[in-house]
Amino acid sequence: MGPITLHISGMTCASCVRRVEKALLASPGVASAEVNLAAETARIQLQHPQQLAEVSAAVERAGYPIATRERQLAIADMTCASCVRRVETALRAVPGVLEVQVNLASEQARVTLAEGTADGQLLQALERAGYAGQWLDQQTDADGERQADKLRRERRHLIWAALLSTPLALGMFPEMLGRPDLMVPPLVQLVLASIVQFGFGARFYRGAWHALRNRAGNMDLLVAMGTSAGWALSTWHVFSTPAGQMPVLYYEASAVIVSFILLGKYLESRAKGQTLEAIRALTALRPDTARRRGTEGDEMVPLEQIRVGDLLVVQPGERIPVDGEVREGGSHVDESMLTGESLPVSRQPGDPVSGGSMNQDGLLVIETTAVGHDTLLSQIVRLVESAQASKAPIQRLVDRVSSVFVPVVLIIALLTFAVGSLLVGSEQALLNAIAVLVIACPCALGLATPTAIMVGTGVAARYGILIRDAQALELAHKVDTVIFDKTGTLTLGKPAVQAFQALDGNDHDQALAWAVAIQTHAEHPLAGALRSYAGERGIQAEPARDFRVQAGRGASGWVDGHRAWLGNDLLMMEQGIDMAAWQAQAAEHEAQGRTLSWLALADGDQPRLVALMAFADTIKPEARETIRQLDQLGIDSWLMSGDSQAAAGAVGRELGIGRVEAQVLPEDKARHVQQLRDEGRVVAMIGDGINDAPALSAADVGMAMATGTDVAMHSAGITLMRGDPLLVPAALDISRHSWHKIRQNLFWAFVYNSLGIPLAAVGLLNPMLAGAMMAASSVSVVANALLLKRWKPEAR
C-alpha cells in the first residue's frame with residue numbers, strides 16, 4: 001500500500017519531531033516515517049492499513065494526538081451479521097481509516113478517519129465489496145423518498161411472489177387427498193417457480209455473488225444455495241421422468257421459502273423504520289422557513305438564508321426556527337422534544353430559546369445566535385445518530401461468532417446430505433440439507449443488539465437523556481455507585497436566604513428594609529438573594545446614600561440618617577462590634593454549612609448589631625426523590641464537593657447520602673473515582689462544571705447536566721438535557737431495560753439456531769417451515785426491541 005500522511009498536533013521543536021518519529025517507528029507495521037515540523041505532518045509507510053489505529057494510539061501516548069474526524073455512512077443491501085463483518089473489513093482496508101462501527105439495524109457506519117483521508121476511497125471500497133453507500137450528511141429529502149419507494153417495491157415483490165407461490169403450495173393438497181389430477185402441470189410449476197426463484201429472488205443471488213467474490217459467506221449465500229438446490233432437483237425430475245408419470249417436484253418448497261423470506265425482510269424493514277422514529281421526530285421539528293425582520297418589514301425566507309445576528313419574528317403556535325435570544329415580547333415555550341420537560345417554560349427578553357421548540361402564547365422577536373449544524377437541535381440529532389450507529393462491546397463478540405457461522409453451517413449442510421444419503425436416500429437428504437441452510441441464516445443474531453440500542457437511545461432522547469454511544473448504554477446497567485457533584489447538580493447553584501433574624505429587639509421588617517437599602521445596587525450573589533427574599537415579602541426601600549463596596553468584607557452606606565454596614569465577621573470586627581452574644585446562633589448556622597452576614601447600624605459613634613442573615617445554596621426539589629430511587633435500584637450514592645465539610649455535610653444529611661467527601665480538588669475527584677473502580681465498583685459520575693470534567697472522563701459512565709459547561713458535556717457518555725437529577729435514575733433504568741432486551745434477543749437468537757439446525761438436519765423440519773421460522777426470528781427480535789418504546793421514567 002502507498003504512504004499515509006498524518007496531521008499531528010502539539011509539535012513545537014526538533015525534540016518533538018524525534019519523539020514522534022520514535023513513537024511511530026516503535027509501532028507495529030511502520031516500515032518508515034518522515035516527520036515535518038513546519039507542516040505538522042508525518043508521512044508513514046504501513047504494512048497493513050488496519051495497523052493505523054495502533055499507530056495513532058502510540059503517538060497519542062507520546063503526547064501528540066493525530067488529527068481525526070468522524071463521518072457517518074448510510075449503507076444499502078446489508079442483510080445479516082456477516083454483511084456487517086464484510087463492510088467493516090472493506091472500510092478498514094482503506095488507508096487512513098482508524099475505526100469503523102457498522103450497525104445492521106440502522107444500516108449505517110460510523111467511520112473515524114485521519115485528517116486528509118479522501119472520502120471517495122471509502123465509497124469505492126464499499127462498491128467493490130458489493131454495497132452502495134452514501135454520506136449521511138449528504139442525504140436529502142429525495143433519499144427519504146427513495147427509502148419509501150424501496151419499501152413499496154419490497155411490498156410489491158412480496159405480493160407477486162406470494163400470488164405465484166400459492167398455486168404451487170396448494171398443489172400439495174390434491175396429492176395428500178389422492179387426487180393428483182388436480183395438481184398444477186409440471187411445466188406450469190416450472191414457469192411459476194422460476195419467476196419467483198430468479199425474478200423476485202434475484203436479490204439473494206446478487207448478495208451471494210458479492211459474498212463469494214469477497215471470499216465470505218452471508219445469509220444470501222445460504223438462501224440462494226438452499227432454494228437453488230430444490231429448484232434444480234425439481235427441474236431435473238421434470239425433464240427426466242418418463243412420459244405419462246407424474247414427477248416428484250419440490251418447486252413449492254423453493255418458491256414458498258423465497259416468499260417467506262421476502263415477507264420477513266418486508267416486516268423487518270417496516271419494524272426497523274420504527275426504530276428510527278426518534279431521529280425523524282427530531283428532524284421534523286426544524287421548520288423550512290423563518291419570518292425575518294428587515295428594514296422593509298417582515299418577510300418569509302428559506303431557513304438556509306438566515307444568518308447569525310438576524311432578527312426573526314415567531315408568532316404564537318409557530319416553531320422557533322433557530323437558536324437565539326429574546327429581544328422583544330414574552331411567551332411560554334414548549335421545549336419537551338428537546339429537553340423532555342413536560343411543562344412550558346417562560347421566556348422573556350434576554351432569555352435564550354432553542355430551534356425546534358414551540359412558541360405557545362405570545363409574539364417573540366429573537367436575535368439569531370446559531371444556525372444549521374451549530375443549533376442545539378442539530379447537536380442532539382448528531383448525538384442520537386452517533387449513539388444509534390455505534391456498536392456495543394457485546395456486539396463485537398456476536399460479529400466474531402457470525403464471521404465463522406456461515407462456513408460452519410455449510411459444512412453441517414454437506415454432512416447432512418452425505419450422511420442422509422446413506423440413511424434416508426439422496427432426495428430426502430437434500431431436503432434436510434436445504435432446511436439446514438435456510439433455518440441457519442444469522443439475521444436474528446445481527447439484529448439482536450443494534451435494534452435494542454437504537455430503540456433505547458431513541459426513547460431516552462424523548463425524555464431528555466442523550467446517550468452518546470452504545471458503550472455508555474451497555475455499561476450504565478452495571479452501575480452500583482453514583483457520585484454526585486453538589487453545586488448545580490443536587491443544588492441550584494445560587495444562594496438563597498435560609499434565615500433572617502432581627503437582633504436586640506429590632507423589628508424584622510424594618511431590619512430587612514435597611515439591609516435591602518444597602519444591597520440595592522450591589523452585584524454580589526448574596527445581595528441578589530437578599531433582594532429576592534425581601535421582594536417575596538413585599539419589603540421595599542430607597543437605595544442607601546454614599547454606597548460603598550468593601551472588597552472581601554461587604555458594603556456600607558447611609559440609611560435613614562444612620563451609617564450602616566452589611567457584611568461578614570471581618571467587617572464587623574473592623575467596626576469594633578462585639579458579636580459574642582450571638583455566637584451560639586452563628587455557630588448553629590455555620591454547622592449547617594451556611595454563609596453568614598451581619599447588619600450593623602451606628603447610633604451616635606457606637607455601631608450595634610441589627611440583624612443576622614444566613615445564606616445557603618438551595619437543594620433542588622427533585623434531589624431527595626433521586627436518592628430514594630437510586631436506593632430502590634440498589635445503588636450507593638456519594639456526594640463529592642469542593643465546598644466546606646459543613647456545607648457538603650448539611651446537604652448530605654438532608655438528602656440521606658451516607659458518604660460525603662468535601663473540599664475535594666478537581667484532580668482529586670478523578671483520583672477518588674479511580675479508587676472506587678479499583679475496588680471493583682462500577683461508577684457513574686454526575687456533574688456540570690469544568691472542574692467535574694476529569695472525574696466524568698475517569699468514571700465508567702459520566703453524566704453531565706446540559707445546564708452546565710460544554711467541557712463537562714464533551715467529557716461525559718450521557719448528557720442530561722435538564723438540570724433535573726431525577727434523570728440520573730431514569731438513565732440507569734433505561735440502560736437496564738435496554739440490556740434486558742439485548743440479552744433476551746441474543747438468547748432467543750442463539751436458541752433458535754442451536755435448536756433449529758439439528759432439527760432440520762434429522763428431517764424434523766421441512767424447508768418451507770424452516771423458511772417461515774427464519775423469517776419469524778428476525779421479525780420477533782425487532783418486535784421485542786420495539787417494546788422498549790413503552791418505557792417511561794418513574795413518576796415523581
Side-chain angles (χ1 to χ4, degrees), residues 141 278-384 461-466 488 492-494 528 531-532 535-536 620-621 688 705-710 713 719-724 727:
D141 293 338
I279 296 291
R280 283 199 293 266
L282 286 169
T283 53
L285 297 178
R286 188 185 295 118
D288 297 325
T289 58
R291 186 177 288 102
R292 184 170 60 190
R293 173 157 291 181
T295 55
E296 299 180 359
D298 300 343
E299 60 173 342
M300 296 297 294
V301 297
L303 196 60
E304 293 76 18
Q305 296 182 16
I306 302 300
R307 298 292 180 264
V308 173
D310 285 351
L311 289 179
L312 304 182
V313 179
V314 185
Q315 295 182 349
E318 292 182 343
R319 289 204 177 274
I320 297 172
V322 296
D323 289 1
E325 190 172 292
V326 178
R327 287 288 171 257
E328 299 175 22
S331 180
H332 285 86
V333 175
D334 180 2
E335 299 179 344
S336 57
M337 281 300 293
L338 299 178
T339 66
E341 176 58 65
S342 57
L343 297 177
V345 292
S346 175
R347 290 291 181 256
Q348 303 298 326
D351 292 337
V353 290
S354 299
S357 51
M358 176 69 76
N359 180 26
Q360 290 199 329
D361 51 18
L363 187 140
L364 294 175
V365 178
I366 64 172
E367 181 180 344
T368 304
T369 58
V371 296
H373 290 293
D374 297 326
T375 63
L376 176 63
L377 176 60
S378 294
Q379 293 173 38
I380 291 174
V381 170
R382 287 199 299 273
L383 272 174
V384 177
R462 190 191 312 158
Y463 291 100
I465 303 166
L466 292 185
L492 294 174
K494 57 183 181 181
R531 290 194 295 269
S532 297
E536 291 170 1
K620 290 181 178 179
D688 72 329
M705 300 282 187
T707 50
T709 64
D710 288 342
M713 287 187 281
T719 298
L720 309 177
M721 292 303 295
R722 305 192 304 277
D724 184 351
L727 290 179

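- The stretch residues 324-333 participates, sequence neighbours left out, in these side-chain hydrogen bond (donor to acceptor under 3.5 Å, both in side chains) pairs: Glu325-Arg327, Arg327-Glu367, Ser331-Asn359, Ser331-Asp361, His332-Asp361.
- For Asp351, there are no salt bridge (Lys or Arg N to Asp or Glu O under 4.0 Å) partners at least two apart in sequence or on another chain.
- Remark: side-chain polar atoms of Arg292 are not paired, donor with acceptor, to backbone N or O of Glu299 under 3.5 angstrom.
- The distance from the CG atom of Asp288 to the CE atom of Met300 is 9.5 Å, given to the nearest 0.5 Å.
- The minimum heavy-atom distance between Val326 and Arg347, with the atom names listed, is CG2-CB, 4.3 Å.
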Less than 3.5 Å apart, which donor and acceptor atoms pair up between the side chains of residues 302-318 and the rest of the protein, not counting sequence neighbours?
unit_1, atom_1, unit_2, atom_2, d
Arg307, NH1, Glu304, O, 2.7
Asp310, OD2, Arg307, N, 2.9
Glu318, OE1, Arg291, NH1, 3.0
Glu318, OE1, Gln315, N, 3.0
Glu318, OE2, Arg291, NH1, 3.1
Glu318, OE2, Arg291, NH2, 3.1

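- The side-chain hydrogen bond (donor to acceptor under 3.5 Å, both in side chains) search around Arg293 returns Asp298, not counting sequence neighbours.
- With Leu376 as the fixed residue, the side chain to side chain contact (heavy atoms under 4.5 Å, CB included) test singles out one of Asp323, Val353, Val322: Asp323.
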>> Could you go through Ile465 and Leu720, starting from their C-alpha distance and side-chain angles, then the distance that decides it, and tell me whether this counts as side-chain contact (heavy atoms from CB on, under 4.5 Å)?
In response: CA-CA 5 Å; Ile465 303 166; Leu720 309 177; 4.2 Å; yes
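- For Pro349 against Gly329, the heavy-atom pair with the smallest separation is CD-O, 3.1 Å.
- Among residues two or more places apart in sequence or in another chain, the side-chain hydrogen bond (donor to acceptor under 3.5 Å, both in side chains) test is passed with Thr375 by Ser378.
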